[in-house]
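The chains referred to below are lettered A, B, ... by the order of the sequence lines, with proteins before strands, and numbering in each begins at 1.
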2 protein chains.
Amino acid sequence: MNAAPASARNDRAGVVDAAMRVLAENGVPGLSMRRIADVLDVQVSALYWHFPNKQTLLAAVSERIVALADEAPDAAPDLAAIATTLRERLLAQRDGAELVSSSLALGLLELPSRTRLEAAALAAGLDEASAGIAADTVVHYVIGYTFHEQQRMHAAVVGAADASVDLAPAQIADSGDTFDAGLAMVVAGVRAAAGAHPGEGIASRSR
Amino acid sequence: MNAAPASARNDRAGVVDAAMRVLAENGVPGLSMRRIADVLDVQVSALYWHFPNKQTLLAAVSERIVALADEAPDAAPDLAAIATTLRERLLAQRDGAELVSSSLALGLLELPSRTRLEAAALAAGLDEASAGIAADTVVHYVIGYTFHEQQRMHAAVVGAADASVDLAPAQIADSGDTFDAGLAMVVAGVRAAAGAHPGEGIASRSR
DNA sequence: ACCTGAACACCGTTCAAGT
DNA sequence: ACCTGAACACCGTTCAAGT
């Protein structure tokens with residue numbers, strides 16, 4: 001299986017590597033098939049042997065972005081912790097949220113975090129249907145927030161040269177706190193759904 | 001097809017009208033400057049007299065999509081009702097959520113619903129900072145959910161001809177219920193934040 | 001005030017053909 | 001199994017020039 005000449009031939013992983021490099025340097029607007037081919041020193045058409053089209057290639061990039069680093073022992077599943085980890089993965093790559101959002105919407109990507117969020121919601125006491133909805137709700141919040149954040153980061157860079165837009169530095173600096181505050185609301189809402197269903201009344205607060 | 005009289009000059013509103021028509025027929029992927037120009041029976045370059053670039057034109061389209069029909073008497077501001085109205089506006093136009101999401105992220109669009117959501121959150125008892133965060137959280141949920149939903153609607157149409165993907169019809173049919181369920185969680189979380197701050201809750205900050 | 005005509009520098013995708 | 005070369009049908013944007 002490894003008798004192939006290691007010289008100029010690429011595989012899917014290599015193409016994704018190249019795409020990640022183009023993404024880091026040029027962002028989504030500059031992530032073209034031709035640019036990826038250039039990095040690999042190959043014709044554009046060569047990419048179509050590895051992937052049927054650009055969206056599928058982008059989905060493979062997205063998959064790498066959201067791949068969980070730790071397959072290790074899962075501590076108690078915690079909604080906020082899983083959401084925060086997802087956000088960090090998205091932030092680690094330029095335009096990560098945009099890429100993942102689009103791959104997800106096209107049904108070309110499965111989100112490992114979503115499975116974990118669903119498990120956490122179940123563990124918190126939600127029924128199966130509600131747990132799925134809760135997981136999606138958290139995912140929409142995280143991706144929506146981070147997408148917005150990353151686009152504004154880019155706008156800030158362009159705007160700096162442009163001198164037409166200026167964001168207060170504080171507005172950017174404390175975006176982590178703002179994310180956490182919004183996340184806390186969503187998580188509180190999910191917890192409220194846990195209390196509502198199985199118990200007998202609306203206000204069966206055990207804590 | 002139905003070109004305007006050759007003598008009639010266009011204005012910004014007319015260009016947006018044309019763009020809305022192209023959007024309805026071709027969706028975002030087919031919403032090109034050339035197609036818009038064709039509808040107006042005009043050269044592409046003519047569009048650049050009205051708008052500095054495509055993104056600004058798209059922001060004007062987004063603005064029309066989210067414009068509130070009723071400037072009328074505001075009943076008691078209700079988070080869920082405002083969110084539902086926003087979703088309906090987005091669903092009324094093909095790829096509406098995608099368009100609005102991108103204009104919003106680029107800072108080219110102000111969302112009337114956001115102002116109303118903020119007011120509703122204040123009325124519910126949140127402080128000013130939290131009300132803004134609550135409004136953004138609801139907006140992220142609504143846009144994220146609807147974006148995902150609309151992309152899947154299109155994928156379903158393509159997939160039907162494609163015969164490669166099939167969504168359970170039930171999955172699509174009850175998407176309204178699923179939206180409401182997720183929204184209920186978010187709204188409950190916002191309400192929880194109202195109870196926490198001003199009273200004698202967990203963190204009693206002197207103010 | 002609003003538009004034409006033409007160009008520039010790009011795109012994604014296909015396909016016969018090569019090795 | 002993996003790639004080349006060339007083509008096709010598009011893009012957004014600019015700009016001198018027209019009325």
Side-chain angles (χ1 to χ4, degrees), chain A residues 1-19 22-23 25-62 95 98-99 102-103 106 108 154 158 161-162 164, chain B residues 3-19 22-23 25-62 95 98-99 102-103 106 108 154 158 161-162 164:
Chain A
M1 277 262 172
N2 46 11
S7 52
R9 254 73 224 249
N10 298 293
D11 57 359
R12 282 175 61 102
V15 172
V16 174
D17 284 344
V22 174
L23 176 65
E25 278 166 36
N26 307 97
V28 157
L31 185 53
S32 70
M33 298 297 269
R34 276 165 227 265
R35 245 98 109 172
I36 297 167
D38 278 354
V39 166
L40 293 169
D41 206 24
V42 132
Q43 296 290 116
V44 215
S45 50
L47 301 179
Y48 288 84
W49 194 90
H50 299 285
F51 294 94
N53 50 52
K54 190 186 181 185
Q55 268 303 338
T56 307
L57 202 171
L58 261 41
V61 172
S62 302
D95 292 338
E98 182 178 357
L99 230 32
S102 133
S103 298
L106 292 171
L108 297 172
H154 181 249
V158 171
D162 215 41
S164 77
Chain B
S7 59
R9 253 80 222 273
N10 297 294
D11 56 358
R12 283 174 60 102
V15 173
V16 174
D17 285 342
V22 173
L23 176 65
E25 277 166 37
N26 308 97
V28 158
L31 185 53
S32 71
M33 297 298 269
R34 276 167 228 263
R35 283 255 265 225
I36 297 167
D38 278 356
V39 166
L40 293 169
D41 206 22
V42 133
Q43 295 292 113
V44 215
S45 49
L47 301 179
Y48 288 85
W49 194 88
H50 299 284
F51 295 95
N53 51 51
K54 190 186 179 182
Q55 268 303 338
T56 307
L57 201 172
L58 261 41
V61 172
S62 303
D95 293 337
E98 181 179 358
L99 230 32
S102 135
S103 297
L106 293 170
L108 298 173
H154 181 248
V158 171
D162 216 40
S164 77

- Query: Between C:dA1, C:dG12, C:dT4, which one does the side chain of B:V42 approach most closely?
  - Reply: C:dT4
- Separation of atom CH2 in A:W49 from atom P in D:dC2, rounded to whole Å: 4 Å
- Item | Nearest to side-chain heavy atoms of A:A46, which nucleotide of C:dT13, D:dT4, D:dG12 | D:dT4
- Message: I'd like to know if the side chain of B:D95 reaches the main chain of B:E98, judged simply by a donor and an acceptor atom lying under 3.5 Å from each other, with no hydrogens or angles considered.
- Response: no
- Take atom P in C:dC10 and the same atom in D:dA9, then report the distance between them in whole Å. 22 Å
- Nearest heavy-atom approach of A:N53 to A:Y48 is CA-CE2, 4.0 Å
- Message: Say we look at D:dC8 and C:dC11: how far apart would their C1' atoms be, to the nearest angstrom?
- Response: 12 Å
- So what does B:D11 touch, heavy atoms closer than 4.0 Å: a base, only the sugar-phosphate, or nothing? nothing
- Name the residue closer to the 5' end of DNA chain C, choosing between A:S32 and B:L47 according to the nucleotide with the nearest heavy atom. B:L47
- Whom does C:dA1 pair with, Watson-Crick or G-U wobble, provided both distances fall under 3.5 Å? D:dT19
- By the Watson-Crick or G-U definition, both distances under 3.5 Å, C:dC8 is matched with D:dG12
- Query: For A:R35 and C:dA9, what is the distance between atoms CZ and C1' respectively, to the nearest whole Å?
  - Reply: 11 Å
- What heavy-atom pair brings A:L58 and A:S103 nearest, and what distance separates the two atoms? O-OG, 3.8 Å
- Are OP1 or OP2 of C:dC3 and a side-chain N or O of B:N10 less than 4.0 angstrom apart? yes
- Query: Would you say D:dC3 has OP1 or OP2 under 4.0 Å from some side-chain N or O of A:H50?
  - Reply: yes
- Send over the distance from B:R9 CZ to C:dC3 P, rounded to a whole Å. 5 Å
- Task: Taking all non-hydrogen atoms of both residues into account, name the closest pair between A:R12 and A:H50 and its distance.
- Result: NH1-O, 3.4 Å
- D:dG5 base / A:S45 side chain donor-acceptor hit below 3.5 Å: yes
- Specify the separation, in whole Å, of atom CZ of B:R34 and atom C1' of C:dT4. 14 Å
- Message: Using whole Å, what does the distance between atom C1' of nucleotide D:dC10 and atom CG of B:N26 come to?
- Response: 14 Å
- Note on the structure: In whole angstroms, the gap separating C1' of C:dC11 from CG of A:L31 amounts to 13 Å
- When you get a sec, tell me which of C:dG12, D:dG12, C:dG5 is the closest nucleotide to the side chain of B:Q43? C:dG5
- Task: Measure from CE on A:M33 to C1' on D:dG5 and round the result to the nearest Å.
- Result: 17 Å
- Message: Strictly distance-based, threshold 3.5 Å: is any side-chain N or O of B:R35 a donor or acceptor partner for the main-chain N or O of B:G30?
- Response: yes
- Item | Length of the OH-P vector between B:Y48 and C:dA6, whole Å | 19 Å
